[in-house]
Amino acid sequence: MCGIVGYVGNGSASEILLNGLKRLEYRGYDSSGLAVLADGKLELRRSVGKISNLSLNIKNRPLNGHIGVGHTRWATHGIPSEENAHPHTDCSKRIVVVHNGIIENYSSLKAVLIKKAHQFVSQTDTEIIAHLIEESWELKQKNSNGKKSEEDFLHAVRHALLQCDGAYALGILCMDFPELLVAARKDCPLVLGLGKKENFIASDIPALLGLSKKVIFLDQEEIAVIKKNSIDCFNLQGKKVEKKSVKVKLDPVQAEKANFKHFMLKEIMEQPRTIQDTLRGRVFPEKNRLQLELNLSAAFIKGLKRITLVACGTSYHAALVGRFWLESLAKVPCQVEIASEYRYRDHFFSSQELVIFISQSGETADTLAALRLTHRFPVKTLAICNVLGSSLTQEADTTFYTRCGPEIGVASTKAFTGQLIALLLLAIHLGIIKKHLNLKTIHQILADLLNLPHWVREALTLSNEIEKISKRFLSKNHFLFLGRHTNYPIALEGALKLKEISYIHAEGYPAGEMKHGPIALIDKEMPLVALVTDSLVYEKICSNIEEAKARGGTVIAIASKGNKTIQEKADEVLYVEKVPEIFSSIVNVIPLQLFAYHMADLKGCDVDQPRNLAKSVTVE
Ligand code: F6R
């Protein structure tokens, strides 16, 4: 989720790289850095905070040279600090690396490298790449009596990358080759920009705007060897691959949205990838094991008597879903609290309790205040958060990161599914340690978890159909969203999404509550959106739909593929994959996000910045 730029040519590398980084800055990165190679020396500048801090740093200590790499960081491993900012170097400071992605097996690789006397200065996963290259490069040189051939260096890079599990987009420089920029990618995008007697690399096209009109998209597990007059691409086995360049015709704002009309739509569509990132390196079905970087001892988990989940808005809805999983998989009694209410109540905690604070931003004033009041008690706290180094993560005892990347649209979408995944992983983890899950169940859930990106991708294909349905319902001013069990919070979330971005009044209700009041509202002007995917409560919610239909209500149903009978009950049916019940909330929220999006877009609303709302609610 970071930004990368690289340059080789005749221009001022630091100026070009800084401009490229500035074009990516809108995403709210937390630190940045540059490395420039000149007169046989590699020089680095790194700064925490905005790019303007890096600019000032470079103004005070200029960098001259015509080849370099730059990076804006959105922290995943290690807090935002100068040491953790990229570029990272090897022990000899001859190799520099900028990296986007996550190296999943970095801790085991790091342990091996430390045994071989490599010195690490950061907490990042990236730093191991520089040391792995160094290790292979030194060996190559030893075997060729100190001869430094470019071919051997590329071999060393390939050898290093073949040891890395996970995702990467990389820019690499080595002092021994002052005209060579190496790029590589796996599961993270990387483009090569073509210029006249100059070439570029970038993680995102906006970084290249105004610099290059032709680009080459690097494919999976490819390495590019970039010089000012040439670009050659190879696969990880060293075989040359022919690449075609394409013209880019994007205005800067459009390019930042990767050609989507709004950031919100981009972020909705990104979810298969962000879910994958939340799961990455944490789920091992073949070993029936999860590896979560949580500082909660097995003894504490075994003795756990109660969990309280505290959050606001969309994060509160995630907490409501999480409660089902924590109760059913880990068998721990749970309560869910809205932070702004909870902070003014009386509290009673014991040391056998865990309080979980959920926040995308980690800066929500009410959630932070609720966390602070727990400090008076001997109770453990856990943050589920998307922003590394945010206040919540600094003040909680331990943090589980959702790793969804910066969310720009004010309405939370990908961060919500990230929170759901985090809660599900936590519930499974507790269930395993508390021995409430047998091996077969663990294996099945973990294997199914890895299917989630696919199920979500399928749900996203409904976008056009949802747009058509939205047109039909555009004149309606009120909506009722109904769900039961784990899909009741999804009904709340669907209603919240619709009201916050389209300004249409919407209520989310547990379907069983209809007959206790809200059914009085039903008429042809009050459509219902009902979550009726296959589940324990399927028949019950069908009855609730019948009751609404009998009173003239119009129903849009979200149902499981293969369910034909629902067509007789509902006016419109949106089919999602038939998934095991515990995953249905994660899949079912997708059509509701798309429905809110299309309604708001068709109404001409400012989707990304809805009126009266802010992305981080830092005031009470
Ligand atoms: C709605 C939305 C908000 C946030 C709420 C809490 O789409 O984004 O309801 O969920 O303001 O924010 P965080 O999660 O940053 O604490």
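Both ligands and their constituent atoms are indexed starting at 1 by order of listing. Just so you know, these numbers use all the heavy atoms, side chains as well, and skip hydrogens, waters and symmetry mates. Heads up: numbering here begins at 1 and tracks the sequence. This one's a predicted model, so the numbers in the text were calculated from it and none came from an experiment.
The atoms of ligand 1 that sit less than 4.0 Å from any heavy atom of Val410 are 8 (O). Atoms of ligand 1 lying under 4.0 Å from at least one heavy atom of Ser359, given by number and element, are 13 (P), 14 (O), 15 (O), 16 (O).
For an aromatic pair to be called close, the ring centres must be under 6.0 Å apart, and His505 with Phe479 fails this.
Under 4.0 Å from ligand 1, the heavy atoms of Glu500 that appear belong solely to its side chain.
Proximity annotation for atom 9 (O) of ligand 1: of Thr314, Ile384, Thr364, Leu392, Thr314 comes nearest, heavy atoms only.
Thr554 and Asp571 form no side-chain donor-acceptor contact under 3.5 Å, judged by distance and modelled atom types alone.
Using 4.0 Å as the threshold, Lys497 has a heavy atom nearer than that to some atom of ligand 1.
Residues Ile590 and Thr417 come closest through the heavy atom pair CD1-CG2, 4.4 Å.
Residue Glu337 forms a side-chain hydrogen bond (donor to acceptor under 3.5 Å, both in side chains) with just one option from Arg345, His347, Arg343, and that option is Arg345.
Geometrically, Arg484 does not engage Tyr509 in a cation-pi contact defined by less than 6.0 Å to the ring centre and at most 45° from the axis.
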